[in-house]
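As a basis for the values below, the full set of heavy atoms in this structure was taken, side chains included, without hydrogen atoms, waters or symmetry mates.
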Amino acid sequence: MSLQLGTIAPNFEALTTMGTFDFHDWKDNQWAIFFSHPADYTPVCTTELGMASKMAEKFARKNCKFIALSVDGLESHKGWINDIESTQNTKMNLPIVADEGAKVANLYGMIHPKADDKLTVRSVFFIDPTHKIRATLTYPPATGRNFDELYRVLEALQLTDQKSVATPANWKSGDDVVIVPSLKDEALLKAKFPKGFEVLTPYLRITPQPDLD
């Protein structure tokens, strides 16, 4: 059964390219994006890990770090990192879990047998500081992920947690947002949204993004 939103991300002991650690301990009250790769030495994965490394500092400013997984061994990972660094012009700065027995991949439902019974699909799990799964994305093995979109999702999740708003279609940071329908008290609305808001319908109320000056 696939992992559902709001459930605790399963913990595991990880053998990785940056040492062995307990996953929940490694997260250390931060956000994490846990994403899988079908195999080492594959072209799309090479570009993805290069991009994750390049953007890791930007995600870190949002209290979030990356951890990747491939169902290959540690020595294979280490050799692959040389290719990633040389072809993508970056220095690898995130751990890759060595999962030869697919134990972690199966724990997270990363293998979809009707797509391929041996290789992981391109799963993405957004895991919050309390270890809850807050969002998931799944791509087929041949389709690379958009890391700007991963960043946008992280921004939206954090904004919703902090400000009682939701993000509309195609939202990006700086755009107007919508007030969550559960917030109805007029005095509270005026206090929380001093920039004002526009009522399009009783359930659709538009306001400027509240965490911006």
Asks: What I'd like to find out is whether the side chain of Val177 reaches to under 4.5 Å of the side chain of Thr207, using heavy atoms alone.
Replies: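 In contact.
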Asks: Any donor-acceptor pair under 3.5 Å linking the side chain of Lys27 with the backbone of Asp22?
Replies: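 Side chain of Lys27 to backbone of Asp22, a donor-acceptor pair under 3.5 Å: no, none is there.
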Asks: Hey, is the main chain of Pro129 close enough, under 3.5 Å, to the side chain of Gln30 for a donor-acceptor pair?
Replies: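 No: the side chain of Gln30 does not pair with the backbone of Pro129.
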Asks: Would you call the rings of His131 and His24 parallel, tilted or perpendicular, taking 30° and 60° as the class edges?
Replies: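 Rings of His131 and His24: parallel, as their planes differ by under 30°.
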Asks: Is there a donor-acceptor pair under 3.5 Å between the side chain of Asp128 and the backbone N or O of Lys132?
Replies: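 Looks like yes, one N/O pair under 3.5 Å.
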Asks: Taking the six-membered ring for Trp, are Phe34 and Phe125 parallel (under 30°), tilted (30 to 60°) or perpendicular (over 60°)?
Replies: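 Plane angle between 30° and 60°, so tilted.
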Asks: Do Val178 and Val165 come within less than 4.5 Å of each other through their side chains, counting heavy atoms only?
Replies: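 Sidechains of Val165 and Val178: no contact.
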Asks: Establish, for the pair Lys103 and Phe12, whether the NZ or CZ atom is under 6.0 angstrom from the six-membered ring centre and no further than 45 degrees off its axis.
Replies: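 Negative - Lys103 is either too far from the ring of Phe12 or too far off its axis.
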Asks: Can Asp40 and His77 be counted as having a side-chain donor-acceptor contact under 3.5 angstrom?
Replies: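 Side chains of Asp40 and His77: pair found under 3.5 Å.
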Asks: Indicate whether any N or O donor in one side chain lies under 3.5 Å from an N or O acceptor in the other, for Trp80 and Ser70.
Replies: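 Result is no, nothing qualifies.
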Asks: Can you confirm whether Asp211 sits close enough to Lys163 that some side-chain heavy atom of one is under 4.5 Å from a side-chain heavy atom of the other?
Replies: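 Yes, close enough: below the 4.5 Å cut-off.
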Asks: Can you find a heavy atom in the side chain of Ile179 that is under 4.5 Å from one in the side chain of Ser164?
Replies: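 Sidechains of Ser164 and Ile179: no contact.
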Asks: If hydrophobic clusters are built by linking Ile, Leu, Val, Met, Phe, Trp and Tyr wherever their side-chain heavy atoms come under 4.5 Å apart, do Leu204 and Trp171 end up in the same one?
Replies: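 No, because Leu204 and Trp171 fall into different hydrophobic clusters, even though each may have its own neighbours under 4.5 Å.
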Asks: More than 12 non-hydrogen atoms from neighbouring residues, nucleotides or ligands closer than 6.0 Å to CG on Asn82, yes or no?
Replies: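 For Asn82, atom CG is crowded (more than 12 foreign heavy atoms under 6.0 Å).
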Asks: Any side-chain heavy atom of Arg205 within less than 4.5 Å of one from Glu198?
Replies: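 Counting from C-beta outward, Arg205 and Glu198 never come under 4.5 Å.
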Asks: Quick check on Asn170: does its CG atom have over 12 non-hydrogen neighbours (other residues, nucleotides or ligands) under 6.0 Å away?
Replies: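 No, because the 6.0 Å sphere around CG of Asn170 holds 12 heavy atoms or fewer from other groups.
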Asks: Just so I know, are the side chains of Tyr108 and Pro10 near enough to count as touching, which here means a heavy-atom distance under 4.5 Å?
Replies: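 Yes - at least one pair of side-chain heavy atoms lies under 4.5 Å apart.
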Asks: Taking Ser53 for its side chain and Leu49 for its backbone only, find out whether a donor-acceptor pair lies under 3.5 Å.
Replies: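 Yes; at least one donor-acceptor contact below 3.5 Å.
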Asks: Test Gln209 against Asp175 for side-chain contact (heavy atoms from CB on, under 4.5 Å), laying out the working first.
Replies: CA-CA 6 Å; Gln209 185 171 325; Asp175 291 347; 5.6 Å; no
Asks: Tell me whether Glu57 at atom CD has more than 12 heavy atoms from other residues, nucleotides or ligands lying less than 6.0 Å away.
Replies: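 Not buried by this count: 12 neighbours or fewer within 6.0 Å.
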Asks: Salt-bridged, Arg152 to Glu155, with N to O below 4.0 Å?
Replies: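 Here Arg152 does not pair with Glu155 in a salt bridge, since their nearest N and O are not under 4.0 Å apart.
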Asks: Hey, does Thr46 have a side-chain heavy atom less than 4.5 Å from the side chain of Gln88?
Replies: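 Side chain of Gln88 against side chain of Thr46, heavy atoms only: contact under 4.5 Å found.
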Asks: Under the side-chain contact (heavy atoms from CB on, under 4.5 Å) rule, what do Leu150 and Leu137 come out as? Steps first, then yes or no, please.
Replies: CA-CA 9 Å; Leu150 300 190; Leu137 297 168; 3.6 Å; yes
Asks: Between Lys190 and Glu186, does at least one N-O distance fall below 4.0 Å, as a salt bridge requires?
Replies: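 No, no charged N to carboxylate O under 4.0 Å.
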Asks: Pick out which of Phe126, Phe66, Phe147 makes a ring-ring contact (aromatic ring centres under 6.0 Å, His included) with Phe59.
Replies: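 Filter result, single survivor: Phe66.
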Asks: For the side chain of Ser36 and the backbone of Leu69, is there at least one donor-acceptor N/O pair under 3.5 Å apart?
Replies: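 Not at all, since once roles are kept as given, no pair shorter than 3.5 Å links the two residues.
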Asks: Indicate yes or no for a side-chain donor-acceptor contact from Thr16 to the backbone of Met18 under 3.5 Å, with no hydrogens or angles considered.
Replies: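 Such a contact is found between Thr16 side chain and Met18 backbone.
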Asks: Which heavy-atom pair separates Thr17 from Leu94 by the least distance, and what is that distance?
Replies: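 Thr17 and Leu94 have their closest heavy atoms at OG1-O, 4.0 Å.
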